[in-house]
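Read the structure below first, then the notes.
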Amino acid sequence: MKHIVKIMTLLVAISALWIGLLHTSIIPRSHTWLLPIYFIVSLGCYGLLMVGVGLMQFPTCPQEAILLQQDVAEAKEFLKQKGVDVGGCD
């Protein structure tokens with residue numbers, strides 16, 4: 001619930017700023033109408049950047065990979081005991 005409150009507060013603040021810029025003549029009206037589009041494009045670029053940074057910093061976990069392979073081997077053995085053909089190449 002707290003996250004939605006933060007998002008709504010940010011949206012209200014940005015909307016108030018945009019409406020304020022529309023009513024004043026600080027920025028030309030033709031540029032002011034494009035601000036929401038610039039904001040959406042900037043938000044998309046930020047999201048792509050964060051995904052890229054997250055992928056670059058993704059940790060490798062060799063211990064977890066070994067444990068996962070052991071779990072798969074145990075599952076295959078269990079299924080073979082039950083008579084299920086797992087069709088794996090060992």
Side-chain angles (χ1 to χ4, degrees):
M1 186 67 181
K2 292 179 182 180
H3 193 64
I4 191 71
V5 172
K6 288 180 188 177
I7 291 172
M8 293 303 293
T9 304
L10 182 64
L11 287 176
V12 167
I14 290 171
S15 299
L17 178 67
W18 183 55
I19 291 170
L21 286 173
L22 282 174
H23 288 292
T24 62
S25 61
I26 296 172
I27 298 175
R29 236 184 200 334
S30 61
H31 297 309
T32 308
W33 283 107
L34 294 175
L35 285 177
I37 295 171
Y38 293 150
F39 176 72
I40 291 170
V41 170
S42 298
L43 190 62
C45 291
Y46 173 76
L48 286 174
L49 178 71
M50 289 296 105
V51 168
V53 168
L55 287 174
M56 287 190 296
Q57 295 178 348
F58 191 77
T60 55
C61 305
Q63 298 87 6
E64 295 298 322
I66 292 170
L67 289 175
L68 182 61
Q69 289 172 354
Q70 289 174 352
D71 288 344
V72 168
E74 288 177 18
K76 282 183 179 180
E77 188 61 37
F78 176 77
L79 290 173
K80 283 180 186 176
Q81 289 175 357
K82 296 291 183 181
V84 177
D85 181 26
V86 290
C89 50
D90 292 315

I'd like to check the side chain to side chain contact (heavy atoms under 4.5 Å, CB included) partners of [X]; sequence neighbours left out, ordered by chain and number.
X     : result
Gln69 : none
Leu67 : Glu64, Gln70
Tyr38 : Leu34, Leu35

*Other than Leu55, which residues form its hydrophobic cluster under the rule that side-chain heavy atoms must be closer than 4.5 Å?*
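Once heavy-atom contacts under 4.5 Å are chained together, Leu55 belongs with Val51.
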*asked:* Checking one residue: Met56. Which other hydrophobic residues are in its cluster under the side-chain 4.5 Å linking rule?
replied: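 Tyr46, Leu49, Met50, Val53, which link up through side-chain heavy atoms under 4.5 Å apart, make up the rest of the cluster.
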Let me check something: any side-chain donor-acceptor pairs from residues 9-16 under 3.5 Å, sequence neighbours excluded? List them with distances.
unit_1 : atom_1 : unit_2 : atom_2 : d
Thr9   : OG1    : Val5   : O      : 2.7
Ser15  : OG     : Leu11  : O      : 2.8

*Say you draw a straight line from CD1 of Ile4 to CD1 of Ile7; how long is it, rounded to the nearest 0.5 Å?*
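Those atoms lie 5.0 Å apart.
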*Rounded to the nearest 0.5 Å, what's the gap from CG on Asp85 to NZ on Lys76? Could you check?*
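Rounded to the nearest 0.5 Å, the CG-NZ separation comes to 11.0 Å.
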*Side-chain heavy atoms under 4.5 angstrom apart, residues restricted to Ile, Leu, Val, Met, Phe, Trp, Tyr: same cluster for Val86 and Phe78?*
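In one cluster with Val86: Phe78, yes.
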